[in-house]
Amino acid sequence: MTSDTELAAAAESLPEPEPVDEDLAASDPIATGNRFTAQFDRLVHRDIFGVNAAVLLIVLVPLVFGYYARLHYSAYAFPPDSRYYVTMALRDLGFSDADALRKQFANSGTIAESWYFAHSDPTWLMVQSRMLYPFLAAPFVAVFGITEGMPIAAMVAFAVMLWAVTRLVQRLYGPTAALAAGGVLGACGFMMTLAEAVTDPVAIAVLALILLNLPLGRRARPHNLVLLALLSVLLELSRQVMPTAAGLAFFGWAWAVAFPGRGRSRRWRNDWLWPSAIVVGTTVFVHLLEGRFAGSGTGSQMSQVSADPGQVAWTITRVDVLGMLQGDKALSALLAGALVFVLIRFTDVVSGVLLGAIAGTYLVMLAGVSPSHMRYEAIMFPVAGLAVGALFHRLAPAALRGGVVGDGMLRSDRVPAVDTWWQRGPRRVPVLGVSSVVFLAVLVGWSATHGSASMAGAVPTAPSAAAALAGDPHADLPDRVVPAEDILAGEFTQAEELIKGNNSSVFLVYADWRHPMRYRPLTSSDPEWGHRGTDGTVVMYPGDLSSWDWVGLARSFTYDGTLDPSTVKVTSRVTSRYGEDVTFTVTAGTGAARGVHQGHATVLYPLRARVPGIVTEMVFDS
């Protein structure tokens, strides 16, 4: 038997190991590969904000490159609606009303005057409460400017939405299903086309966060309830999409009652009761509160829906679905996959949430009257992403499945074994509640006195000085003086072009989109015939008219296209610094009915270098 002394002596007789050349080891491809593999393995198995790091990179990195290309090489990001949000963001930053309007026009090229922000205007009353996006966009505008700051804010919102959906799907079904859901959702064309200066991306992100806090696969904790209340308010302060949020929450509760799962009794007081009650109650309350302040603003188009709801629904569905199938294959796959999941797992609570979101979204679509090319439908896409993740979990091979919900049937009694940091400490919920109230107070208080404050009161149609808000600090002096007869002749010419189908945009500029206009309908087929006053005239907002009504208005202005613009003759004139109030004659009609007609009009001189004058009254004698 060898003694310890002999072992020690043998060890001392061994040759010293050669020193390791660290530079050589670093250059060894095998060693380098092993280190890279180990680091990659750690990355793959690491979560970032609750999402597998590899999944998050695969989903977000292509989107970031796409957004970079969009900002620097691609599309215009300021549709007509953006005139409100750009101006609101600038006013939130402290710019004066006049400077905000001027900067908005210079950067987006879309006309917006102070009367667009009048508290008597139905559209402004509807838009006024959408203060969240301009408020969040203000810091981006301060850093990057209007051209990049406004769309970057929308892009950040989309990134938050993708994170929330992948986070939820991974929590329920594992990282592979999260990759499938996030990959399809991130590949949709709307992620690029809606990354512009509109409120939709923020509303979609807030809805995704609501979805993340619902009792899907686990019981909602007190902090989830507080967050649901906060997010429900923020959703209504971003866009009027209450039906979608209320529908998905209510249907989730109804599915939990109707299909509680094998071996469980039906209970109406289940884990979905309080979360759904908070979402439904808060969104409905805030929506009604907005409607009370907005008056007819939020429902000004519903009369068109009630006149022929079947035709409106069919037109919207046909145009939007066909456009989606032709132009956005990923979106088609997203919605098709979501509907397939409903068919094969109808009793799953995810199916109920999706059907509720669809039902609510359809009400939003109908309220919009016209096809939106999937813009209105986009609010429910986070729910569709969840359903696609659930479908992948259901149909994928067992080796690719994961998550705590092994059978694909969501239950609401799976409380996490380990509390998150929100569950640590007895004061977490009161602190969160107070913080939410303070944030809402700052948001509403600042916006109400800055970006969301009205610039004008009731805007008259005549005389010209009053119609241009003379004496108001927001009134701008005209860019140039153009005689009323030239403005009227130009408008009549463009009206005839619209009737012929040659052009429409210039006529719309003469009849400003948001300045109220008084005119006298001449026949029962003319727009607003049923809303005439005792004098036979009607005050309307041209922007509220449908495309066909614009043609009807052009026909009314030109006696069904028979008016000769070259015969306009002013017979009396009252001039101000802002425009003219005139009586005039014009020749119109055909055959024996052709003759001279008289009327009076109020015109405003052009306010911008690139636009014509504005007609605010056009009344032919009856």
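This structure is a prediction, so every number in the text was calculated from the model and none was measured. Note that these values count all heavy atoms, side chains included, but never hydrogens, waters or copies made by symmetry.
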Using a 3.5 Å distance criterion without hydrogens, assess whether the side chain of R171 forms a donor-acceptor pair with backbone atoms of L216.
yes

Backbone N or O of L273 within a donor-acceptor pair of the S276 side chain at under 3.5 Å?
yes

So, are R555 and D526 salt-bridged, with charged N and O less than 4.0 Å apart?
no

Test your reading of the model: is there a side-chain donor-acceptor pair from D271 to the backbone of R219, 3.5 Å cut-off?
no

If you compare all heavy atoms of M540 against all heavy atoms of L553, which two are closest, and at what distance to 0.1 Å?
CE-CD1, 3.4 Å

May I ask you to test the L63-M155 pair for a side-chain heavy-atom distance under 4.5 Å?
no

Between SG on residue C188 and NZ on residue K329, distance to nearest 0.5 Å:
13.0 Å

In a check of side-chain contact (heavy atoms from CB on, under 4.5 Å) between P382 and each of L162, I210, V165, which one passes?
V165

Main chain of V349, side chain of W272: is a donor-acceptor contact present, judged purely on distance under 3.5 Å?
no

Quick check: closest heavy atoms across G389 and A177, and the distance to 0.1 Å?
O-CB, 3.6 Å

Please examine the side chains of K103 and I146, heavy atoms only from C-beta on, and report whether any two atoms are closer than 4.5 Å.
yes

Taking all atoms of both residues into account, what is the closest heavy-atom pair of G183 and V59, and its distance?
N-CG2, 4.1 Å

Check: T361 main-chain N/O paired with E377 side-chain donor or acceptor under 3.5 Å
no

Interatomic spacing from CE in M191 to CE in M161 - rounded to 0.5 Å
4.0 Å

Just how far is it from atom CG of L234 to atom OG1 of T283, taken to the nearest 0.5 Å?
12.5 Å

Describe, in one word, how the ring planes of F140 and F144 are oriented to each other, choosing from parallel (under 30°), tilted (30 to 60°) and perpendicular (over 60°).
parallel

L339/I358 under side-chain contact (heavy atoms from CB on, under 4.5 Å): CA gap, chis, key distance, verdict:
CA-CA 10 Å; L339 293 177; I358 292 174; 4.1 Å; yes

Nearest heavy-atom approach of A154 to L194 is CB-O, 4.5 Å

Between Y133 and M150 (side chain of the first, backbone of the second, donor and acceptor by atom type, cut-off under 3.5 Å), is there such a pair?
yes

Do the non-hydrogen side-chain atoms of V506 and E497 ever get within less than 4.5 Å of each other?
no

d(I152 CD1, T147 OG1) to nearest 0.5 Å is 10.5 Å

F158 and F190 aromatic centres sub-6.0 Å
yes

When you compare the side chain of R167 with that of W163, does any pair of heavy atoms fall below 4.5 Å?
yes

Taking the ring centre of each residue, are W255 and F346 less than 6.0 Å apart?
yes

For the OG1 atom of T123 and the CH2 atom of W513, what is their distance to the nearest 0.5 Å?
5.0 Å

Full working for side-chain contact (heavy atoms from CB on, under 4.5 Å) between Q494 and L508:
CA-CA 9 Å; Q494 295 303 323; L508 307 186; over 6 Å; no

With the side chain counted from C-beta on, respond yes when F381 and L331 share a heavy-atom pair under 4.5 Å apart, and no when they do not.
yes

Look at D544 together with R514 and state whether they make a salt bridge at an N to O cut-off of under 4.0 Å.
yes

Under 3.5 Å donor-acceptor, Q170 side chain and N52 backbone
yes

Taking all non-hydrogen atoms of both residues, which atom of Q128 and which atom of M88 are closest, and how far apart?
O-CE, 4.0 Å

Sub-3.5 Å donor-acceptor pair from the side chain of S447 to the main-chain atoms of L132, do we have one?
no

For P527, does its backbone N or O pair with a side-chain atom of D549 as donor and acceptor, under 3.5 Å?
no

Would you call L354 and L386 a side-chain contact if the rule is heavy atoms closer than 4.5 Å?
no

Is the backbone of H287 close enough, under 3.5 Å, to the side chain of Q240 for a donor and an acceptor to pair up by distance?
no

Rounded to the nearest 0.5 Å, what separates atom CD1 in I204 from atom CZ in R375?
9.5 Å

Show your working on side-chain contact (heavy atoms from CB on, under 4.5 Å) between L207 and L248 and close with a plain yes or no.
CA-CA 10 Å; L207 188 80; L248 69 88; 3.8 Å; yes

With heavy-atom distances below 4.5 Å as the criterion, would you say the side chains of H515 and Y541 are in contact?
no

For side-chain contact (heavy atoms from CB on, under 4.5 Å), just list the numbers for R394 and I344, CA-CA rounded to whole Å, side-chain angles, deciding distance to a tenth of an Å, and then say yes or no.
CA-CA 9 Å; R394 178 67 181 172; I344 66 174; 4.1 Å; yes

Aromatic rings F117 and W124: how do their planes relate, parallel, tilted or perpendicular, breaks at 30° and 60°?
perpendicular

Quick check: closest heavy atoms across V169 and G385, and the distance to 0.1 Å?
CG2-O, 4.3 Å

Are the side chains of I379 and V364 in contact, using a 4.5 Å heavy-atom criterion?
no

